[in-house]
Amino acid sequence: MSKIKTIFQCQSCGFSSPKWVGKCPDCGAWNSFIEEQEVQVKKGMSRPSSSSQAMPLSEIPINAEDRLSTGIEELNRVLGGGIVAGSLILIGGDPGIGKSTIVLQMLASLYKTNTNLKNISLYVSGEESLKQIKIRAGRLNVDNPEINVLSETCLENITEQIKSLKPAVVIIDSIQTMFTQDAPSAPGSVTQVRECALKLMFLAKSSMTTIFLIGHVTKDGAIAGPRTLEHIVDTVLYFEGDRGNPYRILRAVKNRFGSTNEIGVFEMRDMGLVEIINPSELFLSERPEGASGTAVVSTIEGTRPIMVELQALVSHSNTAMPRRTAIGVETNRVNLLIAVLEKVGGVHLGGMDVFLNVVGGLKINEPAFDLGIITAIVSSFKEKPVRDTLFVFGEVGLSGEIRGVSQAESRIKEGTKIGFKEAIIPDSTLQRLTFKPDIKITGVKNIEEAIEAAINY
Ligand code: TYD
Ligand code: MG
């Protein structure tokens, strides 16, 4: 008998090494190596019976019905318009954020919306018993006979069930609990997760079944185990949000069938997740009136403008190293803008702590947010409120110039719709506007002009 060969594999990125190492040379994770049996590629792998044929691109048939509406608009949006038959979709997120809840609600609304959908759907849980799933379904008022539930962790058994039941949609909750007999290591290890995902991908493509994989997220936010999973699947959705906050944001980070960075906004209630059709109103609903240190920015998430409130608190620091803390925006970006304010704007924040928070648990990564950050910080520093009916957007350059941004029209229209009366935007964007706005628009060229217009009026 040949000796069993083992290798050490990084549980965070899948890098393998013949020896144990403390720090992964590939992804930099510490103490992430675990000894696993090497997967031997079987000699003489059997050739599939039907070989695929090449065909001209122009003759491949497509029909619109290949996309199935989930009946949940916010979910359709992140998926790029609905579920594509035969696609493999990964939903990641912290434990308890609502992954199992949303997929169960999706299955129910799938049958409500597509009344002619004949095939059943299959919910496979490796974490919960059938009773537990039933209790959750009862709480969500889900009682469809079309939804079949299976409590199973062995991939071979699941595959058999899928082949005989021919479901339209399959949920695997979660991919980390599944194991295949072909891989020797424990469930949850990189090898297992990757092997299972690969097998499910082949199954999805060959049977045109849509498969949703639910993936756990590690403490630092990556989908546990393999980054490689992200390459295998067609679509990656992340569920974001704070535990203490009922709002949940579903974000597409990869989508072969739609635009990325599209978001869907939900609220977790005691009857499950409820979609928020107009997030702007929600994120502004608790805005303090006449307070200094808050600014509203019209920001673009995917294809949709959202009005977001940003709060800043600038106060005297008691430490030699003033603190700069930002929640929802990148701290590096904030440090850069503080340096610009200091050097060009004449706002001296040297001995000051600066705290920033994007209201509603949203994470914004857009240059057009810069002007909002500057406005909120200066407003708090000078203790002068920004007018309640004013919103801003614009990128700030290193020499203090305000740079133009895209999609100005939809940003301005969103603000107008919510009831804002005034906007401060980059001058170059104002010059290029192709429509006549209904509100007062001030174009600014640099941060002095912006501060003047927003605060020192
Ligand atoms: P769950 O979907 O089980 O999270 P995940 O699968 O991502 O781990 O969601 C569990 C949380 O949601 C739990 O803290 C309870 C809460 N919840 C509600 O507030 N309302 C509901 O109707 C349901 C089903 C769950
Ligand atoms: Mg769950």
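Count residues from 1 along the sequence. For ligands, and for the atoms within them, numbers begin at 1 and follow the listed sequence.
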Around atom [atom1] of [X], are there more than 12 heavy atoms of other residues, nucleotides or ligands at under 6.0 Å?
X	atom1	value
K254	NZ	yes
R403	CZ	no
E156	CD	yes

key: Contact residues of ligand 1 (heavy atom under 4.0 Å), by chain and number   = D94, P95, G96, I97, G98, K99, S100, T101, R136, R139, L140, M268, R269, D270, M271, G272
task = Mind running side chain to side chain donor-acceptor pair (under 3.5 Å) on K199 and T159 for me, showing each step along the way?
result = CA-CA 9 Å; K199 287 195 169 166; T159 312; over 6 Å; no
ask   = When you check the side-chain N and O atoms of N76 and T70, is any donor under 3.5 Å from an acceptor?
value = yes
inquiry  = Between R77 and E74, does any NZ, NE, NH1 or NH2 come within less than 4.0 Å of an OD or OE carboxylate oxygen?
reply    = yes
request  = Could you tally the protein N/O/S atoms lying less than 2.8 Å away from the Mg ion (ligand 2)?
outcome  = 1
request  = Enumerate the residue pairs fulfilling salt bridge (Lys or Arg N to Asp or Glu O under 4.0 Å) with a member in residues 116-134, sequence neighbours excluded, ordered by first and then second residue.
outcome  = E128-R136, K134-D143
request  = Sequence neighbours left out, what pairs pass salt bridge (Lys or Arg N to Asp or Glu O under 4.0 Å) with at least one residue falling in residues 158-174?
outcome  = none
Sidechain-backbone polar pair: S380 side chain, G293 backbone, donor-acceptor under 3.5 Å = no
